[in-house]
Amino acid sequence: MRKLLKGFLINVQFFTAIPVHLELPMDKPHLKSAVQAFPLLGLLQGGIYAGLFYLLLEYPPFSNLAAAFLLWLMSILLTGGIHLDGWMDASDGYFSYKDQEKRLEVMNDPRTGAFGVISIIVLLSSRFLFIYEITVNIHAASFLLIAAIPLFSKSVMGLLLLTVKSAKKAGLGALFQSAALPRDLWTYPVYIIGFLVLVILFDGEFFYLSILLVAAILILLFCRRKAIKWFGGITGDILGAAVEGTELFLWMTLWLLHYFVMV
């Protein structure tokens with residue numbers, strides 16, 4: 001349990017802007033615990049998003065537009081933009097339309113290209129649209145579903161990390177990948193099933209959540225196939241892009257649910 005807690009804190013230190021003023025061990029056992037705790041990090045983020053959204057809509061006299069903007073801004077600030085950087089680098093690499101090796105070289109270039117800029121504008125503007133439309137059509141189940149989005153995206157990140165070969169021998173992705181094996185992912189269904197049980201007990205909106213889960217599985221399968229085809233495997237940037245792409249797809253799914261199902 002202590003290792004899992006330290007692994008969780010490593011994730012908070014690495015993948016969020018939340019200050020953790022501790023010197024945490026970076027050996028393989030603790031990095032393995034960090035990988036096992038990816039979904040817990042997602043639950044932390046999701047809880048912050050859902051809690052903030054609830055407070056903005058229920059208490060302060062903010063308009064729907066202001067509430068949507070503040071939640072959108074929090075989704076950027078909380079992670080410190082670490083996954084957005086991966087999204088831009090992966091976009092530059094993919095849209096170079098070169099072979100796998102050249103794409104990896106493009107991604108290693110510290111300069112951001114035109115396609116990286118365009119892709120992040122599309123990503124962030126789309127996310128804002130989905131959040132705003134959800135705000136306008138808010139449903140009692142919306143808050144729990146919003147909390148589930150980072151849970152599923154971080155689970156996708158861990159599954160890709162340990163089930164897809166690394167395209168590089170160095171980097172953040174390779175560091176975490178070297179510390180764990182696919183069998184260490186047994187914690188993921190425990191977290192997800194536990195979350196589903198809580199939803200059933202306290203909310204009863206299992207149907208909506210199951211649709212989000214299916215959407216996450218579909219995007220996982222897509223990312224696994226395309227990471228190998230386009231880049232020869234995963235890197236830290238590919239994982240960051242996968243997190244952002246998964247969350248965008250889940251926000252879109254939730255937006256469509258509000259329009260056509262949650263009425």
Side-chain angles (χ1 to χ4, degrees), residues 7-8 11-12 14-16 31-32 34-47 49 75 78-79 81-91 94 119 123 126-127 130 144-167 171-177 179-196 208-231 233-255:
F8 172 74
N11 290 337
V12 174
F14 261 90
F15 300 113
T16 76
L31 288 177
K32 182 182 82 170
V35 173
Q36 291 180 316
F38 281 170
L40 291 180
L41 175 65
L43 279 175
L44 172 67
Q45 291 178 239
Y49 295 159
S75 72
L78 185 60
T79 62
I82 186 171
H83 301 312
L84 292 174
D85 181 68
W87 174 269
M88 288 188 291
D89 287 343
S91 297
Y94 171 73
S119 70
L123 175 81
S126 299
R127 185 193 299 173
F130 299 147
L144 275 174
L145 295 173
I146 288 171
I149 289 176
L151 165 64
F152 292 154
S153 71
K154 291 300 188 293
S155 298
V156 166
M157 180 172 76
L159 287 164
L160 289 174
L161 176 70
L162 296 188
T163 62
V164 180
K165 66 178 182 178
S166 179
L172 189 59
L175 175 67
F176 278 90
Q177 192 177 56
L181 296 170
R183 65 170 179 262
D184 298 317
L185 295 171
W186 65 268
T187 57
Y188 287 31
V190 173
Y191 300 138
I192 292 173
I193 291 171
F195 185 77
L196 292 174
Y208 304 137
L209 189 62
S210 65
I211 293 177
L212 275 189
L213 179 58
V214 169
I217 293 171
L218 291 175
I219 198 70
L220 168 65
L221 296 175
F222 175 83
C223 289
R224 286 188 81 254
R225 182 176 180 182
K226 297 305 180 182
I228 296 171
K229 180 180 179 180
W230 293 339
F231 303 99
I234 57 99
T235 67
D237 285 332
I238 300 301
L239 292 175
V243 170
E244 292 295 343
T246 299
E247 292 194 0
L248 183 65
F249 189 69
L250 294 179
W251 278 114
M252 183 186 72
T253 303
L254 186 53
W255 168 63

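Below, all heavy atoms of this structure are taken into account, side chains as well, without hydrogens, waters or symmetry copies.
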For Phe15, all residues meeting ring pair (Phe, Tyr, Trp, His ring centres under 6.0 Å), sequence neighbours excluded:
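In terms of ring pair (Phe, Tyr, Trp, His ring centres under 6.0 Å), with neighbours along the sequence ignored, Phe15 is linked to Phe38, His83, Phe176.
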Can you list everything that forms a ring pair (Phe, Tyr, Trp, His ring centres under 6.0 Å) with Trp255? Sequence neighbours excluded, please.
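Counting only residues at least two positions away or on another chain, Trp255 forms a ring pair (Phe, Tyr, Trp, His ring centres under 6.0 Å) with Phe130, Tyr259.
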Listing, residues 219-230 side-chain donor-acceptor contacts under 3.5 Å, not counting sequence neighbours, or none:
from, atom 1, to, atom 2, distance (Å)
Arg224, NE, Thr163, OG1, 3.2
Arg224, NH2, Thr163, O, 3.0

Could you tell me which non-hydrogen atom of [X] sits nearest to which non-hydrogen atom of [Y], and how far apart they are?
X	Y	answer
Lys32	Ala180	CG-CB, 3.9 Å
Asp237	Ala90	O-CB, 4.5 Å
Ser153	Glu247	OG-OE2, 2.7 Å
Gln177	Ser166	OE1-CB, 2.9 Å
Gln45	Pro150	CB-CB, 3.9 Å
Tyr188	Gly158	OH-CA, 3.3 Å

Min side-chain heavy-atom separation [X]-[Y] under 4.5 Å:
X	Y	value
Met157	Thr246	no
Tyr49	Leu78	yes
Val35	Asp184	no
Trp251	Ile146	yes
Phe8	Leu44	yes
Leu185	Leu159	yes

Can you tell me how far CG of Asp89 sits from OG1 of Thr235, rounded to the nearest 0.5 angstrom?
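Result: 8.5 Å between the selected atoms.
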To the nearest 0.5 Å, what is the distance between CG (Leu196) and CG (Leu144)?
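One finds 11.0 Å between CG of Leu196 and CG of Leu144.
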I'd like to check the side chain to side chain contact (heavy atoms under 4.5 Å, CB included) partners of Leu43; sequence neighbours left out, ordered by chain and number.
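Result, side chain to side chain contact (heavy atoms under 4.5 Å, CB included) vs Leu43: Leu40, Leu151, Phe195.
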If you apply the rule side-chain contact (heavy atoms from CB on, under 4.5 Å), what do you find for Thr253 with Ile211, and how did you get there?
CA-CA 8 Å; Thr253 303; Ile211 293 177; 4.0 Å; yes
State which residues pass side chain to side chain donor-acceptor pair (under 3.5 Å) with Ser119; sequence neighbours excluded, sorted by chain then number.
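Testing Ser119 for side chain to side chain donor-acceptor pair (under 3.5 Å), a comparison that skips the adjacent residues, returns Trp87, Ser91.
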Under the side chain to side chain donor-acceptor pair (under 3.5 Å) test, residues paired with Gln36 that sit two or more places apart:
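For Gln36, no residue satisfies side chain to side chain donor-acceptor pair (under 3.5 Å) once neighbours in sequence are set aside.
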Applying side-chain contact (heavy atoms from CB on, under 4.5 Å), run through Leu145 and Leu209 and close with a yes or a no.
CA-CA 6 Å; Leu145 295 173; Leu209 189 62; 3.9 Å; yes
